[in-house]
> 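Structure in structure tokens, see below.
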2 protein chains.
Amino acid sequence: MVEEKHDALDIVFHALSDRTRRGMLARLCDGELSVGDLAAPYAMSFAGAAKHVKVLERAGLVRREVRGRTHLCRLDAARLAEAQAWLKHYERYWTRGLDSLETLLRAEDAKAAQNAAKKSSCPTPSRKQERNGDV
Amino acid sequence: MVEEKHDALDIVFHALSDRTRRGMLARLCDGELSVGDLAAPYAMSFAGAAKHVKVLERAGLVRREVRGRTHLCRLDAARLAEAQAWLKHYERYWTRGLDSLETLLRAEDAKAAQNAAKKSSCPTPSRKQERNGDV
DNA sequence: TTTTTCTTCAACCATTTGGTTTAATTATTG
DNA sequence: CAATAATTAAACCAAATGGTTGAAGAAAAA
């Protein structure tokens, strides 16, 4: 009878819905950081940033190890896996679209290849982008 | 100089951080639904549910087509793809863990197979779960 | 036209969020 | 010991969130 209003996914997605917190997670990829280290890059007050760390912690995305007077934080990606598992259900609803886009691009490539064939051959046009912008 | 405080990812993750909205997205997988249809299953007021639809719409997760007096909504998964692309960056931080888990389970399976070998052979133990609980 | 249906809009309320500042806590260092 | 460093805790604030109710609009049906 604990009247749970938010399930784990609510809390994880909420934690991810803030650019500051996503930035913290990104920096934790390179290894453990203290709360102070995590807070340093941001313009806000230390206490403000520490609150963000706490949100990440409550979402289970970071784990904290108190070591002397500093609190070391490290990424715990398990909950991210859960979030991605949820999203994966919807993969088919965008891959369909991407597939047709892919088809279109392939057709374009083929046409371009035909036109270019008079001059040279170009086996794999390599339409890979992987552009991301991060954080 | 528009002073954008929230980027697209903020808004998408926030939209996903509510069970009601995730439920709506799930139901939209089966096809278009009116706002009324979307609202029906929930205990809250119609206007309350309609607000959730609007949040999804502003996040770019649903698109609305006004048709007569009913507003048809349909899933637009492109933004979900962006969210998953972000999560994909972290895949390596949980697959490492899952790999060792996998190794452990494989070892268990192998042992079980050895024990069972005296009675019968079982080619693919099929440790696939895909359990999800959805929404 | 009148009524009903589907929907938005506006006002309101309680709670949460993201931020601040100041004070308190805890561990290290001089 | 006293001083400093790393952090939390508490009180506060403005804005956003998630919900309500009641009214209004526009399209369809009577």
Side-chain angles (χ1 to χ4, degrees), chain A residues 2-25 27-28 31-59 61-74 135, chain B residues 2-25 27-28 31-59 61-74 135:
Chain A
V2 191
E3 186 63 59
E4 284 212 30
K5 187 178 282 180
H6 295 291
D7 60 23
L9 227 34
D10 285 21
I11 296 170
V12 169
F13 277 132
H14 169 253
L16 295 180
S17 74
D18 183 282
R19 167 173 276 272
T20 299
R21 291 191 288 261
R22 289 198 305 278
M24 288 177 166
L25 289 182
R27 311 226 336 280
L28 284 174
E32 289 186 333
L33 288 174
S34 71
V35 176
D37 292 336
L38 278 174
Y42 301 101
M44 74 187 72
S45 71
F46 180 91
K51 276 193 184 180
H52 282 295
V53 176
K54 200 169 295 178
V55 170
L56 289 170
E57 198 183 7
R58 276 184 305 203
L61 293 172
V62 317
R63 272 167 53 176
R64 181 191 305 246
E65 179 195 353
V66 179
R67 194 154 150 188
R69 68 184 163 183
T70 77
H71 295 203
L72 272 306
C73 300
R74 71 171 186 281
V135 169
Chain B
V2 191
E3 187 64 58
E4 285 211 32
K5 187 177 283 181
H6 294 290
D7 61 22
L9 227 35
D10 285 22
I11 296 169
V12 168
F13 278 132
H14 168 254
L16 295 181
S17 74
D18 183 283
R19 168 172 274 272
T20 299
R21 292 191 288 261
R22 290 198 305 277
M24 288 177 167
L25 289 182
R27 311 228 335 280
L28 284 174
E32 291 187 332
L33 288 174
S34 71
V35 176
D37 292 336
L38 278 174
Y42 301 101
M44 74 187 73
S45 70
F46 180 92
K51 276 192 183 180
H52 282 295
V53 176
K54 200 169 295 179
V55 170
L56 290 170
E57 198 182 8
R58 277 185 306 204
L61 293 172
V62 317
R63 273 168 52 177
R64 182 191 305 245
E65 179 195 354
V66 179
R67 196 156 149 185
R69 68 184 163 185
T70 78
H71 295 204
L72 271 307
C73 300
R74 71 171 185 282
V135 168

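Here is the naming used below: chain letters follow the sequence lines, and residue numbers restart at 1 for every chain.
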> Across the strands shown, which category fits B:Ser34 at heavy-atom distances under 4.0 angstrom: base, sugar-phosphate, nothing?
sugar-phosphate
> Holding to salt bridge (Lys or Arg N to Asp or Glu O under 4.0 Å), I want the full list of residues that pass it with A:Arg64, two or more places apart in sequence or in another chain.
A:Glu57
> If you compare all heavy atoms of B:Phe46 against all heavy atoms of B:Gly36, which two are closest, and at what distance to 0.1 Å?
CE1-CA, 3.6 Å
> How long is the line joining CG of A:Asp18 and C1' of D:dA16, in whole Å?
13 Å
> Suppose we screen for side chain to side chain contact (heavy atoms under 4.5 Å, CB included). Which residues come up paired with B:Leu33, at least two apart in sequence or across chains?
B:Arg27, B:Leu28, B:Asp37, B:Leu38
> Using five pairs at each end of the helix from C:dT1-D:dA30 to C:dG30-D:dC1 to define an axis, what is the angle between those two axes, to 10°?
10°
> Just how far, in rounded Å, is C1' of D:dT8 from CD of A:Glu57?
12 Å
> Mind listing the closest non-hydrogen atom pair of A:Arg19 and B:Asp10 along with its distance?
N-OD1, 3.6 Å
> Please report the closest heavy-atom contact between A:Val53 and A:Cys73, naming both atoms and the distance.
CG1-SG, 3.9 Å
> Can you tell if the side chain of B:Met24 reaches within under 4.5 Å of the side chain of B:Val55, non-hydrogen atoms only?
no
> With no hydrogens and no angle check, is any side-chain donor or acceptor of B:Tyr42 less than 3.5 Å from a backbone partner on B:Thr20?
yes
> Could you tell me which residues satisfy side chain to side chain donor-acceptor pair (under 3.5 Å) with A:His14, sequence neighbours excluded, listed by chain and number?
none
> Could you tell me which residues satisfy side chain to side chain contact (heavy atoms under 4.5 Å, CB included) with B:Leu25, sequence neighbours excluded, listed by chain and number?
A:Trp86, A:Tyr90, B:Leu16, B:Leu56, B:Leu61, B:Val62, B:Leu75
> Below 4.0 angstrom, which residues in residues 48-56 of chain A have at least one non-hydrogen atom near DNA chain C?
A:Gly48, A:Lys51, A:His52
> Rounded to whole angstrom units, what separation is found between the CZ atom of B:Arg22 and the P atom of D:dG18?
12 Å
> Tell me the interatomic distance from A:Asp10, atom CG, to D:dG18, atom C1', rounded to whole angstroms.
12 Å
> Can you name the atoms? Protein N/O to nucleotides 22-30 of chain D N/O, anything below 3.5 Å, with the distance.
unit_1 : atom_1 : unit_2  : atom_2 : d
D:dA28 : O4'    : B:Arg69 : NH1    : 3.4

> Taking any heavy-atom pair under 4.0 Å as a contact, classify A:Ser45: base, sugar-phosphate, or nothing.
base
> Take the protein atom NE2 of A:His6 and the nucleotide atom P of D:dT17, then report the distance between them rounded to whole Å.
13 Å
> Not counting sequence neighbours, which residues clear side chain to side chain contact (heavy atoms under 4.5 Å, CB included) with B:Arg63? List them please.
B:Arg74, B:Asp76
> Check salt bridge (Lys or Arg N to Asp or Glu O under 4.0 Å) between B:Asp18 and all other residues, then give those that pass, not counting sequence neighbours.
none
> Closest approach of A:Ala50 and A:Val35, non-hydrogen atoms and distance?
CB-CG1, 4.1 Å
> Identify the 5'-most and 3'-most nucleotides of DNA chain C with at least one atom closer than 4.0 Å to a non-hydrogen atom of chain A.
C:dT17 to C:dT28
> How would you list all residue pairs meeting side-chain hydrogen bond (donor to acceptor under 3.5 Å, both in side chains) that involve residues 43-55 of chain A, not counting sequence neighbours?
A:Arg21-A:His52
